[in-house]
Amino acid sequence: MISVKNLYKTFHNTSGSVEVLKGINCDIAKGEKVVIVGPSGSGKSTFLRCLNLLEEPTRGEIYFEGKQINAPGVNIDQIRAQMGMVFQHFNLFPHLTVLRNITISPVLLKIQSREEAEHNAMALLKRIGLEEKANSYPNQLSGGQKQRIAIVRSLAMNPKVMLFDEPTSALDPEMVGEVLEVMKELAADGMTMAVVTHEMNFAREVANRVLFIDGGQILEENEPKEFFSNPQHPRTQDFLSKLIK
Amino acid sequence: MNRSLAERLYDDFIYQKRYMYLVRGLGNTVLITVFALLIGVVLGAIIALIRVNYIQAKKKSPLLVIANFLSGLYLTVIRGTPMVVQLMIMYFVIWASGAPILIAIVSFGLNSGAYVAEVIRSGIQSVDRGQSEAGRSLGLSSRQTMAFIILPQAFKNVAPAIFNEFIVLLKETSVAGYVGIQDLTKGGDIIRSITYDAFPPLIVVALVYLVIVIGLTQVLHAIEGRLAKSDLR
Ligand SMILES: Nc1ncnc2c1ncn2[C@@H]1O[C@H](COP(=O)(O)OP(=O)(O)OP(=O)(O)O)[C@@H](O)[C@H]1O
Ligand SMILES: [Mg+2]
């Protein structure tokens, strides 16, 4: 479904330039759940954000359903409409009600009529037990509720793949569970997922494959059982040993 | 000239309905202010969008480069010259045949637009980057994201500043008399020139401005209060 070939990304800023991604190759098959782990600043977010071109790759190719998307003439809005993304800080639209947060995109993009979109949104809200919040504003919700609604907002577009960038890192500990629960249900439904997270139990339970990124490269990838019990690369061993502390 | 204050007040305001100079003047002042602000907000929003677009665009089309250059020129000229001079240039040089009130509205609108543009630009840039990323990741185009996600939040952020511009503009229009418009200030001045009595008309003019500004400031505080509350909801 997604194929990344030789991806490089360099950021240029006032103090010079940093090469953040250094030749990433990766395939994500339909229905696969890939969890991406690695130390802070290793390029996990940048990698994920390159997948829907929130960051423009400096070099390399990204394919979505066989079609190169970082090529001239590609309508990136149409591609993004098929890829959901969930952010660490939720990024709900504070000036819109929960319902409107969920319906704005399908309605503006004329994928559904307003009635259809609202009907669909209410069904999604019901699925996460928040239908009574439909007319609330984001600031009236807890962090866990916000993130679950952010997930549902992406789902309202019927995406083919969902990208998660540390979806539980900004949450109070007692709210992490409810968000992971929604993600697990999504996984069980067969959604293709790429998840950057520090929740190793989630990785163990849900992932088909775990990628370890360090210094802008994938140093190791394996199915979760092997990855956690028998890490090969010294950096992976080091990273995992620090997590246990 | 040892008339009693009552006689002076009668002469200045009541006799021959001279208070009407102030009433009509106030009407013109409000008219110019309201329509100039409307022009200012529309123009300011356009200029702000051009400048933000220019900053954000990776590939800058020639049209955008030209629009941005003209915007910059406009901001520099308007903010670098006195309002009265702009008004007189408009009245005596550029548009000598226009109706004075219309010329004043356009002049003050052009002037206000330069200040409102910077207010709106900062309002747009104060919206968290995550908001536009969320909009774009949902498949919205950059225009849709700007129109439905960023601008509503930006306007909310700058509503108090724009309302404040209304207050500033109301006082600034007092120079309209330079091009023969009978605004509130000019109204008081006309009474003075008829009665040769400066104190009462000018004090009353000042009081009228003061009362309006105090009232509008109360409204401003109410707006700020409501916005602060809606941020907490
Ligand atoms: N827009 C940017 N401009 C310049 N440098 C950037 C930008 N975005 C990220 N970086 C740099 O790229 C490097 C990798 O960042 P990235 O956010 O991808 O790391 P990460 O693995 O997600 O880290 P974390 O676990 O802290 O989220 C960091 O050194 C960061 O400072
Ligand atoms: Mg990150």
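Here the structure is a predicted model, which is why all the values come from computation and not from measurement. The chains referred to below are lettered A, B, ... by the order of the sequence lines, with proteins before strands, and numbering in each begins at 1.
- Within a 6.0 Å sphere centred on CZ of B:F108, heavy atoms belonging to other residues, nucleotides or ligands number more than 12.
- Put simply, the side chain of A:N91 never gets that close to the backbone of B:A134: no donor and acceptor are under 3.5 Å apart.
- No more than 12 heavy atoms of other residues, nucleotides or ligands lie within 6.0 Å of CZ in A:R127, so this atom counts as exposed by the packing criterion.
- Judged by distance alone, with hydrogens and angles left aside, the side-chain atoms of B:Q131 form a donor-acceptor pair with the main-chain N or O of A:L92 at under 3.5 Å.
- Dense packing is recorded around NZ of A:K184, with more than 12 heavy atoms of other residues, nucleotides or ligands lying under 6.0 Å away.
- B:I149 CD1 to A:N101 CG: the interatomic distance, rounded to the nearest 0.5 Å, is 7.5 Å.
- In this structure, B:K60 places its NZ atom where more than 12 heavy-atom neighbours from other residues, nucleotides or ligands lie under 6.0 Å away.
- In this structure, B:S142 OG and A:D77 CG are separated by 7.0 Å, a value rounded to the nearest 0.5 Å.
- For the atom pair A:L51 CG and B:S137 OG, the distance stands at 12.5 Å (nearest 0.5 Å).
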From CA spacing to verdict: side chain to side chain contact (heavy atoms under 4.5 Å, CB included), B:Q144, A:L109:
CA-CA 9 Å; B:Q144 288 170 323; A:L109 297 175; 3.5 Å; yes
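- With a 6.0 Å radius and a threshold of 12 heavy atoms from other residues, nucleotides or ligands, B:F35 has its CZ atom at or below the threshold.
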Checking side chain to side chain contact (heavy atoms under 4.5 Å, CB included) for the pair B:L138/A:R153: CA distance, chi angles, key distance, verdict?
CA-CA 8 Å; B:L138 286 166; A:R153 176 177 69 176; 3.8 Å; yes
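- Residue contact with chain B, scored on non-hydrogen atoms closer than 4.5 Å, involves the side chain of A:E56 exclusively.
- Between the OG atom of B:S141 and the CG atom of A:L108 there is a distance of 8.5 Å, given to the nearest 0.5 Å.
- The environment of A:Y63 atom OH is dense: over 12 non-hydrogen atoms of other residues, nucleotides or ligands sit within 6.0 angstrom.
- Around the CG atom of B:L63, the shell of radius 6.0 Å holds no more than 12 heavy atoms that belong to other residues, nucleotides or ligands.
- For A:M83, the part lying near chain B is the backbone, with the side chain staying farther off; criterion is any non-hydrogen pair under 4.5 Å.
- Crowding of B:F69 atom CZ: a count of heavy atoms from other residues, nucleotides or ligands under 6.0 Å not exceeding 12.
- Within the 4.5 angstrom heavy-atom criterion, atoms from both the backbone and the side chain of A:F93 approach chain B.
- Interatomic distance, A:R80 CZ to B:E133 CD, rounded to the nearest 0.5 Å: 9.5 Å.
- Taken from CZ in B:F155 to NE2 in A:H95, the straight-line distance is 12.5 Å, to the nearest 0.5 Å.
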